[in-house]
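Letters A, B, ... mirror the listed sequences (proteins, then strands); counts begin at 1. Note that these values count all heavy atoms, side chains included, but never hydrogens, waters or copies made by symmetry. Treat the numbers as computed from the prediction; the structure is a model and nothing was measured.
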Protein chains: 2
Amino acid sequence: MSGLEPGERDAATLEEVARIAGVSRSTVSRVVNNSPGVSARARAAVSEAIAATRYVPNPAARNLATRRTDTIALVVSEDGERVFGDPFFAGVLRGVSATVAAADRQMVLVMSHGADRERLEQYLAAGHVDGAVVVSLHGMDPLPQRLTDAGVAVALLGRPLTATTVPYVDADNLGGALAATRHLAATGRRRIGTIAGPQDMAAGIDRLLGWRRAMGELGHRADAVVHADFTVEAGAAAMAELLAAHPDLDAVFAAADLLAVGALRHLRSRGVRVPDDLAVVGFDDSVLATTTNPTLTTVRQPVEELGRSTAWRLLAQLAGERHLPPSVLLPTELVVRDST
Amino acid sequence: MSGLEPGERDAATLEEVARIAGVSRSTVSRVVNNSPGVSARARAAVSEAIAATRYVPNPAARNLATRRTDTIALVVSEDGERVFGDPFFAGVLRGVSATVAAADRQMVLVMSHGADRERLEQYLAAGHVDGAVVVSLHGMDPLPQRLTDAGVAVALLGRPLTATTVPYVDADNLGGALAATRHLAATGRRRIGTIAGPQDMAAGIDRLLGWRRAMGELGHRADAVVHADFTVEAGAAAMAELLAAHPDLDAVFAAADLLAVGALRHLRSRGVRVPDDLAVVGFDDSVLATTTNPTLTTVRQPVEELGRSTAWRLLAQLAGERHLPPSVLLPTELVVRDST
DNA sequence: CTGAAAGCGCTTACAG
DNA sequence: CTGAAAGCGCTTACAG
């Protein structure tokens, strides 16, 4: 208790700095904002006064005058539970926060779990942030359009399912799935199933499409499909189901490493040898892929780079950059390990 | 592109609402803030105008006038990497965000990873938030005091290592460790070691103290100690080290479930049977505890409740509540499963 | 290069 | 119960 009431600050204002430096508020403001056209003499006096008073600009006042907040939201359309369990989000977070920090802006992470959705929208639309990177959109979520309408710049990480002009950055999910499935065929597998991800997200849809397309090219029947959420448990259950329906399977493409881990767990419990009896490919190349036994052949997606690119796209847009591409697709790459 | 420049909003202001409702700005403000003393007639007219214009108050203007932001920061003194890998943070996050939301405030999550420390402090001190819940403080971190000095209300989740008047909420780590060690002795273990956590955090220190005290009570030598960071890998390495130095060990108290999981992994690789040859107790009762084989005897700490209590403490303080306790200790509880 | 002044959109005594 | 007015702390044409 330093004698301040809650919420009270004894912070210096521009006014005081100006008085101490013996200049006008205008001049102090120019120095603070690195505006040109200030004499070295004035600049020095102001700098000294700023240091002496430990002056920090009041963001509310600045925001009110400029209509800018210099903060960017990372909006995750999941609840904390899932966010904190999935290495994918850790990578995205790293990428976005590094880029935002490098641009000298602040990043705030907000999650929208159903009930708070209303509050979240209000918060963003009210003008707390200049822009938002929105990740993990499900289905026909109207959030991006709503934010855009409210004047908040938006860039999506992951292709949206709605037809929209909101820009997005995504990994080449289809190409990755295609490569994974071709690899299985190339290594002699004849009966290839898939554990597909949720079909309310582009990542789930596109990876299934890639598998389907490869199966078509190969002239194989694409009938061994089971859907699952992106969790280990769902992966194990899906593997069980797949095996029951198609006992002749000799390979599985799982649409996420988490799913592959679940599949491996089930296969071990059933005594199915990997890769001898059945080959498994994952998707993500998360840390999980190298800690499983056997290590996991998987499709690497550049998670951190996805975060960086999306944040960069957003910042460029805020900077008024013209002729930006409406969307960007980052390459994926097959990483062969011991499970195939 | 709806015709708005980046950052531009076509949002209605109080002024416009007032004009449409045929009242003064004062009256609109009173309705928006649920102030008493507004006629039903005026209130209705204003409500209608608000709906028609989709009016949302400008937070910067409101903040400037009131000196309140209605937002609370959850500050995690770790980098994203670790935050997203540890179930502890997921629970804390749930607790804090639920409590903050219930109080009709917004929560922002900010992480401080070394380099950005400066920016973080500026951000918080500049007045973006009314208060901060700070978790996972290491060593003699001056952050809490700095924030307090800057007029930001602070409540710590976890006892700080510095002598400070900043309030905190913690779990009874010492009591939990005591109970765990006594339990091992009560089930006939004679040679009990410990994998201690980092000694720059109260959680690490207090759990080691609890083990030591129990060993003293039992008249056992407290010499089988190895320190480790709160990760699975460190736990495995520590178990190896412990076993090499003390081959006669028949029990281990690990200061975190993550450490216990690592220990179990190493023991299995060495062919040591749990609990037959060696008993293991963890700490946390995270989801991990029930998924290991054997399931883990552990000390439950009320993670989500820690988050709720700390946030509640902070909000109470902001509300000007008097005579609040400087610190709160929540009980821990031994949960016996198959590893002992 | 510098300063006086208007303005950003609210809240809140104060007077009625 | 209601409104006119001052004030929160900045920025930014504008005039000099």
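By the side chain to side chain donor-acceptor pair (under 3.5 Å) test, B/Arg159 pairs with B/Asp206, sequence neighbours left out. For B/Ala45, the side-chain contact (heavy atoms from CB on, under 4.5 Å) test picks out B/Ala21, with sequence neighbours left out. Applying the side chain to side chain donor-acceptor pair (under 3.5 Å) test to B/Glu15 and every residue at least two apart in sequence or in another chain returns nothing. Not a single salt bridge (Lys or Arg N to Asp or Glu O under 4.0 Å) links A/Asp170 to another residue, sequence neighbours left out. Evaluation of the side-chain contact (heavy atoms from CB on, under 4.5 Å) rule for B/Arg68 yields B/Thr66, B/Asp70, B/Arg105, B/Asp130 as partners, not counting sequence neighbours. By the side chain to side chain donor-acceptor pair (under 3.5 Å) test, B/Asn33 is found to be paired with B/Ser29, B/Arg62, residues two or more places apart in sequence or in another chain being considered. For B/Asn34, there are no side chain to side chain donor-acceptor pair (under 3.5 Å) partners two or more places apart in sequence or in a different chain.
With DNA chain C read from its 5' end, the first of the two nearest nucleotides for A/Arg30 and A/Ala61 is the one closest to A/Arg30. Each of A/Thr66 and B/Thr66 has a nearest nucleotide on DNA chain D; the 5'-most of these lies closest to B/Thr66.
Within residues 36-47 of chain A, the residues having any heavy atom under 4.0 Å from DNA chain C are, by residue number, A/Gly37, A/Val38, A/Ser39, A/Ala42. Contacts with DNA chain C (heavy atom under 4.0 Å) in residues 17-27 of chain B: B/Arg25, B/Ser26, listed by number.
In terms of heavy atoms, A/Pro57 sits closest to A/Val32 at CG-CG1, 3.9 Å. Here the shortest heavy-atom pairing between B/Pro302 and B/Leu330 reads CG-CB, 3.9 Å.
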What would the secondary structure line of DNA chain C be in dot-bracket form, counting Watson-Crick and G-U wobble pairs under 3.5 Å, with [ ] for pairs that cross earlier ones and | for pairs with another strand? |||.||||||||.|||
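Within 4.0 Å (heavy atoms only), B/Asn63 reaches no atom of the nucleic acid at all.
Checked against A/Val154 for a side chain to side chain contact (heavy atoms under 4.5 Å, CB included), the options A/Leu143, A/Val134, A/Thr164 give a single hit: A/Val134. Here the options are A/Asp149, A/Thr148, A/Asp141, the test is side-chain hydrogen bond (donor to acceptor under 3.5 Å, both in side chains), and the partner is A/Gln145; only A/Asp149 passes.
Annotation: C/dT12 and C/dG16 have their C1' atoms spaced 16 Å apart (nearest Å).
With a heavy-atom cut-off of 4.0 Å to chain A, the contacted part of DNA chain D has its first and last nucleotide at D/dG9 to D/dA13.
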Please determine whether side chain to side chain contact (heavy atoms under 4.5 Å, CB included) holds for the pair B/Thr310 and B/Leu156, giving the CA-CA distance in whole Å, both sets of side-chain angles, and the decisive distance to 0.1 Å. CA-CA 7 Å; B/Thr310 315; B/Leu156 305 177; 5.8 Å; no
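Every pair tested for side-chain hydrogen bond (donor to acceptor under 3.5 Å, both in side chains) that includes a residue from residues 48-61 of chain B fails, sequence neighbours excluded, so the list is empty.
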